[in-house]
Amino acid sequence: MHRIHSHRVLAEKIHEFWIEAPLVARKYRAGQFVIVRTHEFGERIPLTVVEADANSGRIRLIVQEAGKSTILMCRLQAGEHFLDVVGPLGRATHIENWGNLVAVCGGVGTASLLPIVRAAAAAGNSVYAVIGSRSKDLMILEDEFRAACKEVRVSTDDGTYGIKGFVTDVLRQWIEQGQKFQQAIIVGPVIMMKVAAALTKELAIPALASLNPIMVDGTGMCGGCRVTVHGKTYFACVDGPEFDAHGVDFQELILRNQAYRNLEERALHGLLDKGCQLTAQLEGAKHA
Amino acid sequence: MPDGTAAPKKAKRERVPRVKMAEQAPEKRIHNFEEVPFGYTEEQAIVEANRCLICKRPKCVDGCPVNIDIPKFIAQIRDGDFLGAARTVRATNSLPAVCGRVCPQAEQCEVLCVEGIKHEPVAIGNLERFIADWELAQGQIALPEIPPPTGYRIAVVGSGPAGLTVAGDLAKIGHDVTVFEALHRPSGVLAYGIPEFRLPRPVVKSEIEYIQRLGVKFVYDVVIGVTVTVDELFEQGFHAVFIGTGAGLPRMMNVPGENLVGVYSANEFLTRVNLMGASRDGYDTPVRLAKHTVVVGGGNTAMDAARVSLRVSGNPVTLAYRRSMEEIPARREEIHHAIEEGIKFELLVAPLEVLGDERGQVKAIQCIRMGLGEPDDSGRRRPEPIAGSEFVMECDTVIVAIGNSPNPIIPRNTPGLEVSKWGTVVADEATGATSRPGVYAGGDIVSGAATVILAMGAGRKAATAIHEYLQTLPKP
Ligand SMILES: Cc1cc2nc3c(=O)[nH]c(=O)nc-3n(C[C@H](O)[C@H](O)[C@H](O)COP(=O)(O)OP(=O)(O)OC[C@H]3O[C@@H](n4cnc5c(N)ncnc54)[C@H](O)[C@@H]3O)c2cc1C
Ligand SMILES: Cc1cc2nc3c(=O)[nH]c(=O)nc-3n(C[C@H](O)[C@H](O)[C@H](O)COP(=O)(O)OP(=O)(O)OC[C@H]3O[C@@H](n4cnc5c(N)ncnc54)[C@H](O)[C@@H]3O)c2cc1C
Ligand code: SF4
Ligand code: FES
């Protein structure tokens, strides 16, 4: 059992948790993730570790309400518990001295990139970032990015903040203004990663993408997390989650991530129909 | 060999046919996950036990990887001494209720049975299951007398049959054992791989409880090599480490279309259903409800995947295997049950490509028919494609069950641990000793994917060797 030390809402449907997981906190390096289960009937959910404090034994997770499991998770309060937390899983980001690194992120992927940005800056890189979100209210972690980066530019789909448009528009403009990047790292919704990977390829900037396929065990046992990179199959949980963005078959990833779409929607509708039963269900699960 | 190992005076005794276990009817059981055979009643067990010749030179014992004293326990059943029989079995087999159900008896003990030369072999597996179930039904399994704590601490990595055996054996002699398991539940393949209709969960649960009552501690959600390394286990004061991490890396087919939506490894499909409860009400993990499943492979894993998909989806399942019924490696009983349940067998068939629709969903599998050529290294005739025999089977789900490789996490993260070119940990066959002092290994991680009983046998040998190794260390 892993006690929730704190729970805070960062933006609509985006929650931050600090939870007790001393073994993970001690070993964690930027780029790694955990798999959690919140209750006995729950799924195993992969989540990036955004930050770890080995002294207090706590890790920081940032979760977006996407479907049933994450909605239920986000109902948990400080003092309550996550049932299982296993990790740190996946390979840590291989941080080099690239020179100018640009971090391109969108949505909750911003949270996954923060530790990498910090580690890259600590390793002597000049780090720049482009953060995208649908709207100003949904922008997260901007201050923390500004603290670690030389410069941060933002875009929103609706133009309520920064440039109206997509992260790729910002990136292209930045480069057209003469900015040079030796390396890019991309994390966000798969469709965003796909477009950003194509742009960096066009601009001949080497790029890494952190992939988020559907996972079960996270230890290489099931192969559910298969991704294709440069025509070869990899298990993202043990071989990744980061890969050469220019080789990733993003279309395949988009389709694979929709594998349970209908079943998941059914689970969600069941949940919403029941509305007020939600808390009851969670209570039941907690005591099972 | 000459007929007549049996005492001649017994030759005249009335010949009783092998007692069959009653089973759930196929048309009923394909709608549930309850166990297929019901097991013997006491009367049936005694009738079957009476068929045993209680040979002076029994062959069956040689076929048993842990050399259970088979004639002894059968004689005890015959005489109604069930407690004695249970003790005899447990003396060398710490998971009898599991082995009675899943061991390949038809290739191990029963194939060598003397009675089987002319007639049907004694149903050794059924009797083993009977006596283990009888023991469980009595309530808690009686604990052996455990000597005072020795103070030595052993870390067991992986809670499959190999790890459980080592843990139980070492705890019984007073050592302090902790099992580290990567998943959130114990027992390895017994939990995530083998379905409930072959191995009911309460059976596994009571075996685990017994091992816990022996004093073994279980720690879940710890991936050794990642969360904690083998070196750190020693730093934390463990005196010896046993690695029993199994063969958990699914092999894929390497054909086009393999990553389409609807292609599963058997491990993923079975884990979703068995470990995560995907087919049960109230559990959140989803699984596909197939309209037609094609399972590729012919081992126990393939049979399990096929029969689970049948139960989950209620729709037809076809099994494609590249050799013939003669070479098929699954337990006979499982093949028989699968056929009864209506699984269609496409034998001498190999996959060429999985075909998908515009949404990336599986819509068919293209296969080719095979002929059998000269024997290969395994002594089985090599399947060879027959040119021009390609054909397409429509389906929406493909489950790949063509084998598992050793789990690479520990080999990758343990300096100084010798690993073979197949990725297995190199260990001494008699002791399980690895290239690192104090580190032992056994089960599928050493042998490659094998069987429950071989994993247990390896665990037993390693436990003995670890105990001997501990005696060479300073007293804790
Ligand atoms: C390595 C890794 C790190 C991740 N880190 C984070 C993180 O830090 N914060 C965070 O909020 N999420 C993260 N995710 C995604 C998160 O695991 C999924 O959002 C979650 O599993 C969805 O579960 P659910 O039951 O709530 O939603 P579901 O009902 O399962 O899904 C809701 C919708 O999301 C889609 N979906 C399902 N799984 C995924 C997935 N893995 N990625 C993208 N879409 C998916 C479904 O098709 C569906 O349309 C990460 C995923 C991976 C693989
Ligand atoms: C579907 C299926 C059906 C089968 N049917 C039969 C049958 O009918 N009869 C038969 O005899 N055999 C059968 N087998 C084979 C048999 O189950 C295996 O040979 C046996 O389980 C091997 O035991 P093991 O202890 O070596 O490993 P496993 O049972 O694989 O257990 C290994 C355990 O180690 C854990 N682990 C792995 N890495 C780590 C790590 N780094 N840190 C911590 N824990 C870790 C795993 O999560 C797992 O729990 C079947 C196998 C499968 C997959
Ligand atoms: S089981 Fe068969 S081989 Fe073994 S003692 Fe009985 S008759 Fe002999
Ligand atoms: S999640 Fe199962 S192998 Fe990667």
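Note on naming: letters A, B, ... go to the chains in the order of the sequence lines (proteins, then strands), and numbering restarts at 1 for each one.
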Salt bridge (charged side-chain N to carboxylate O under 4.0 Å, His left out) with B:R272: which residues, sequence neighbours excluded? B:E268
Going by the side-chain contact (heavy atoms from CB on, under 4.5 Å) test, name the single residue among A:I62, A:L47, A:V63 that passes it with A:V108. A:I62
Side chain / backbone / both / neither for B:F269 at chain A, heavy atoms under 4.5 Å: neither
Fit a plane to each ring of A:F82 and A:F17, take the angle between them on a 0 to 90° scale, and name the class: parallel (under 30°), tilted (30 to 60°) or perpendicular (over 60°). perpendicular
Before giving the answer on side-chain contact (heavy atoms from CB on, under 4.5 Å), spell out for B:N259 and B:M252 the whole-Å C-alpha distance, their side-chain angles and the decisive distance to 0.1 Å. CA-CA 10 Å; B:N259 294 342; B:M252 300 304 289; 5.5 Å; no
Any salt bridge between A:R75 and A:E80, counting N to O under 4.0 Å? no
When you compare the side chains of A:D217 and A:T219, does any donor N or O come within less than 3.5 Å of an acceptor on the partner? yes
Given that the side chain runs from C-beta out, which part of B:L270 has a heavy atom under 4.5 Å from chain A: side chain, backbone, both or neither? neither
Is it the backbone or the side chain of B:L249 that comes under 4.5 Å from a heavy atom of chain A, or both, or neither? both
Under 30°, 30 to 60°, or over 60°: which ring-plane class applies to A:Y234 and A:F243, parallel, tilted or perpendicular? tilted
One option among B:N407, B:V226, B:T229 has the most heavy-atom pairs under 4.5 Å with chain A, and it is B:V226
Among A:V34, A:V24, A:T233, which residue has the highest count of heavy-atom pairs closer than 4.5 Å to chain B? A:T233
Modelled atom types, side-chain donor and acceptor of A:S56 and A:D53, under 3.5 Å: yes
For A:R37, is it the side chain, the backbone, both, or neither that has a heavy atom closer than 4.5 Å to a heavy atom of chain B? side chain
Is chain B contacted by the side chain of A:I254, its backbone, both, or neither, given a heavy-atom distance below 4.5 Å? neither
Sort A:R29 into side chain, backbone, both or neither according to what part of it lies under 4.5 angstrom from a heavy atom of chain B. neither
Checking heavy atoms, do the side chain of A:Y28, its backbone, both or neither come under 4.5 Å from chain B? neither
Please flag which part of A:V85 lies under 4.5 Å from any non-hydrogen atom of chain B: side chain, backbone, both or neither. backbone
Which answer fits B:T227, side chain, backbone, both or neither, if we ask what part of it has an atom under 4.5 Å from a heavy atom of chain A? both
Please look at B:V400 and chain A and tell me whether the side chain, the backbone, both or neither of the residue comes under 4.5 angstrom of a heavy atom of that chain. neither
Checking heavy atoms, do the side chain of B:R185, its backbone, both or neither come under 4.5 Å from chain A? side chain
Does this structure show an ion pair linking A:E51 with A:R60, if we count only N-O contacts that are shorter than 4.0 Å? yes
